[in-house]
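Take a look at the structure set out below.
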Amino acid sequence: MQCRFIIYRFDPEKDTEPHYQTYVIEAEPTDKVLDCLNRIRWEQDASLAFRASCAHGICGSDAMVINGNVTLACQKLIRDFTTGGNFVIEPLPLFKVVKDLVVDLEPFFEKYREVKPYLINDEPPPEQERLQAPEDQEKIEPALACILCASCTSTCPINRADSDYLGPAALLRAFRYLFDTRDTAAGSRMADLDQESGIWGCKTMRWCTDVCPKGIPVTKCLTQIKSAIKKKGKSG
Amino acid sequence: MDQRYDVIIVGAGLAGLRAAIELGQDTRVAVITKVFATRSHSGAAQGGIGAAISNEEKDSWEWHMFDTVKGSDYLGDQDAIEIMTRDAPRVIYELEHMGVPFNRTAEGKIAQRAFGGHTRDFGAAAVKRACFAADRTGRVILDTLWEKSVQRGIEFLHEFHVMSLLVENGRCCGVCVYDLSTGKIHTLHCKALLLATGGAGKIYKTTSNAMASTGDGLALAFRAGAPLQDMEFVQFHPTGIYKLGILISEAARGEGGVLRNKDGERFMERYAPTIKDLAPRDMVSRCILEEVRAGRGIDGKDYVHLDLTHLPQEEIGAKLAEIIGFARTYSGVDAKKEPIPVQPTCHYMMGGIATNVEGQVIKNAEGAVYDGLFAAGECACVSVHGANRLGCNSLLDTLVFGRRAGKTMAKYIHTVGWPKVSETLEKQSVQKINEACNTSGKERIGAILADMQLAMMENVSVFRHKESLAKTLDTLAALKARYRRVALTDKGKRFNRELMDYFELGYMLDLAETITRSALCREESRGAHFREDFPKRDDKKFLAHSVVSLNESGQPFMWTRPVTITRFEPKERKY
């Protein structure tokens with residue numbers, strides 16, 4: 001079928017304003033949107049810039065806005081849309097555009113680094129593995145599917161209003177380590193998160209959960225952080 | 001960014017990151033990666049990492065070693081395989097201590113599952129050896145190692161593409177890189193350089209590999225004069241999603257899934273009576289295509305079914321969450337209720353840059369090494385996988401030999417001074433790149449790429465033959481001629497992907513030729529290399545590594561290196 005791709009173009013080196021450029025290609029209903037972008041680049045316009053790598057929703061490179069929704073270009077097929085073969089493609093909101101669909105994710109990773117995204121445990125490890133009950137491992141399991149594609153953080157309305165807010169992706173990572181029974185820094189982690197720019201920035205709007213391409217219950221995980229901090233506050 | 005580092009690591013997958021972590025805090029190290037670190041293809045690994053830690057069933061490293069040797073069709077070097085399988089339990093505990101969130105047994109130990117070709121008692125029956133985190137084992141290990149690097153403050157040069165190595169008088173002294181975000185070319189000097197760039201699956205039309213898997217490190221080393229070993233051995237994973245090649249992990253069969261032909265028959269029972277669907281990948285891929293050739297593909301087409309419908313739904317929903325999602329998104333199939341259409345997909349390069357067990361790149365038949373040049377992971381050939389890699393041995397390979405390369409480099413940099421890089425070499429390299437950027441013609445990168453991928457898929461994949469291989473060499477020569485007439489149309493500096501595509505295609509054309517040439521020379525069938533005109537293994541003539549390198553006039557020539565055999569004499573390979 002014939003598809004029209006209306007794509008956001010902006011090269012800060014030579015453009016003063018962003019503009020939209022239209023490309024027409026033949027595509028199969030089972031083609032991914034990413035396949036179409038690749039074809040446009042290879043067959044029509046090599047200067048179109050976007051990021052992509054694994055092409056099956058596991059590396060997190062190609063989050064962008066397709067027909068108004070934040071999603072992964074490799075995870076959506078042409079047949080998933082009911083827009084009569086018309087596609088408007090734009091870069092992720094919130095971040096500065098480097099070129100076309102490529103945005104500067106450094107602020108995203110800066111927030112991520114703030115939550116100390118690594119296991120803290122200074123006790124000498126045993127000779128073999130540390131034991132962990134399967135139900136304890138399952139508690140952090142939902143967060144392990146995160147691919148750092150930035151879909152949630154770029155969508156979150158709080159993030160758009162408050163640039164200090166850690167945002168759902170960084171908080172989800174905090175969740176992953178806070179509830180890992182092998183981590184010994186829960187106290188200081190909770191103190192770090194117990195702020196308006198931390199966990200209390202979350203107003204349970206659930207946009208993060210709706211948009212997550214990996215189906216992670218982000219809001220639910222963030223709510224568990226809130227409960228843990230409240231419980232700790234009560235117990236002094 | 002500095003101009004000078006003690007160590008430069010190219011590639012931020014598991015091998016590169018593990019090496020970086022091994023280097024002391026006082027070492028100036030930069031990790032160069034053309035994609036953001038967490039986008040590295042190690043993150044796509046699904047099923048598990050092998051180690052005989054006996055958490056579920058009695059196991060031993062000797063059985064793991066035997067399975068790996070037999071799986072390699074006796075082409076793996078047994079000294080290297082022994083190092084890897086003996087080191088495996090330590091690797092697992094180290095990962096666990098770093099924070100890798102493995103699945104657990106009821107007693108809280110690391111859970112293990114069955115995997116293709118892994119057995120107890122030297123082949124008696126399948127054994128649970130693969131340590132795993134659902135079906136995202138690579139993802140969680142990559143995240144953990146990256147986060148460890150963040151904690152350590154390791155410097156990353158993200159979205160930098162390597163265009164050439166600076167190698168002079170047998171010493172590697174740096175790299176020429178292209179900064180994708182600015183379009184600037186830089187030369188960086190170092191005492192030691194590690195290539196950890198992963199695989200090259202994009203040479204083939206159907207692959208499980210990422211767009212970034214274009215074999216850069218292999219081609220860079222080859223062009224700098226280093227030998228590539230066992231390049232004909234390309235693994236086709238039996239279960240890629242039909243038409244797309246997206247990986248459906250062997251864990252699906254490890255958890256009890258079975259392959260069925262159009263009659264619903266579990267055909268692997270006929271081919272491998274002992275371990276059936278858990279036979280090694282080379283065999284299962286051939287069996288699928290044999291079924292297709294015999295007219296037993298689904299609807300007479302070139303695929304079969306992977307059936308998970310008889311398994312406990314809740315359990316596989318959790319343990320195989322990712323692949324169930326892939327089947328739903330890309331095939332529209334609910335894998336809990338209907339079978340997944342699958343066919344073999346290009347997955348892994350057993351061959352690569354010839355190295356010794358310390359990660360040093362070898363330069364000649366005597367085993368002499370380059371100064372300052374190292375390689376680890378999929379781009380290297382130690383060789384632990386020989387003619388066919390077993391599932392869940394690749395993550396292990398990256399971590400064992402990434403660490404060893406890190407250790408070797410840590411010592412090495414204290415024994416040498418800074419290299420003197422001759423200005424001519426540097427200028428020549430930059431000039432070459434500039435010339436390439438200003439090429440003019442009418443050919444398009446995408447068209448040449450598609451032609452190469454199709455030719456390799458049709459003629460140099462699971463089944464091979466003298467005539468089709470020879471024909472492919474001609475095709476590749478013609479494609480190279482077209483490559484020299486490519487028109488580069490994007491004249492912008494920022495995020496110029498076309499330039500990266502152009503270099504990647506050049507790398508892949510060189511590698512496609514080494515694969516085809518090596519396949520033509522090996523007139524026998526072994527592991528993943530099956531010659532229809534020579535269907536038997538021939539140990540008398542071919543129990544040796546094939547090696548290809550450039551001669552003084554820049555032409556590829558073939559030679560061999562002996563295989564190291566210590567504990568297990570070659571036998572007929574039956575499962």
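Numbered from 1 within each chain, the chains take letters A, B, ... in sequence-line order.
Per-residue heavy-atom pair counts under 4.5 Å with chain A were compared for G446(B), P101(B), A212(B), and the maximum is reached by P101(B). With chain A as the partner, the residue from K148(B), K493(B), H41(B) showing the most heavy-atom pairs under 4.5 Å is K493(B). Per-residue heavy-atom pair counts under 4.5 Å with chain A were compared for K243(B), Q151(B), R497(B), R139(B), and the maximum is reached by Q151(B).
What you find for R176(A) and G99(B) is that their closest heavy atoms are NH2-O, 2.8 Å. Residues L148(A) and T38(B) share a closest heavy-atom pair of CD1-CG2, 4.0 Å. Between L105(A) and R39(B), the shortest heavy-atom contact is CD1-NH2, 3.8 Å. The shortest heavy-atom contact between A46(A) and T489(B) is CB-OG1, 3.5 Å.
A salt bridge between K214(A) and E322(B) is present, with a side-chain N of the basic residue lying under 4.0 Å from a carboxylate O of the acidic one. Salt-bridge check for E127(A) with R90(B): failed, with every basic side-chain N at 4.0 Å or more from each acidic carboxylate O. For the pair D490(B) and K99(A), the salt-bridge criterion is met [side-chain N within less than 4.0 Å of a carboxylate O]. Ion pairing between a basic and an acidic side chain is recognised when a charged N comes within 4.0 Å of a carboxylate O; E498(B) and R41(A) show no such pairing. Note on R173(A) versus D143(B): salt bridge recorded, some NZ/NE/NH1/NH2 to OD/OE distance being below 4.0 Å.
For the atom pair CD1 (I110(B)) and CD (Q128(A)), the distance works out to 9.0 Å, reported to the nearest 0.5 Å. The distance from atom CE of M211(B) to atom SG of C59(A), rounded to the nearest 0.5 Å, is 9.0 Å. With rounding to the nearest 0.5 angstrom, the OG1 atom of T329(B) is 7.5 Å from the CG atom of L77(A). To the nearest 0.5 angstrom, E129(A) atom CD is 7.5 Å from T105(B) atom OG1.
Contacts of R136(B) with chain A are made by side-chain atoms alone, with heavy-atom separations under 4.5 Å and no backbone atom involved. Heavy atoms closer than 4.5 Å to chain A are found in the side chain of F326(B), but not in its backbone. The contact between F102(B) and chain A is made entirely by backbone atoms, counting heavy-atom distances below 4.5 Å.
Judged purely by distance below 3.5 Å, without hydrogens or angles, the side chains of E138(A) and N103(B) never pair a donor atom with an acceptor atom.
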Report the C-alpha separation of F495(B) and F50(A) in whole Å, then their side-chain angles, then the decisive distance to 0.1 Å, and conclude whether the ring pair (Phe, Tyr, Trp, His ring centres under 6.0 Å) test is met. CA-CA 8 Å; F495(B) 223 89; F50(A) 56 91; 9.0 Å; no
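At distances below 3.5 Å, at least one donor-acceptor pair connects side-chain atoms of R130(A) with backbone N or O atoms of H97(B). The backbone N or O of V100(B) sits less than 3.5 Å from a side-chain atom of R182(A), completing a donor-acceptor pair.
For Y502(B) and W42(A), the ring centers are positioned 6.0 Å apart or more.
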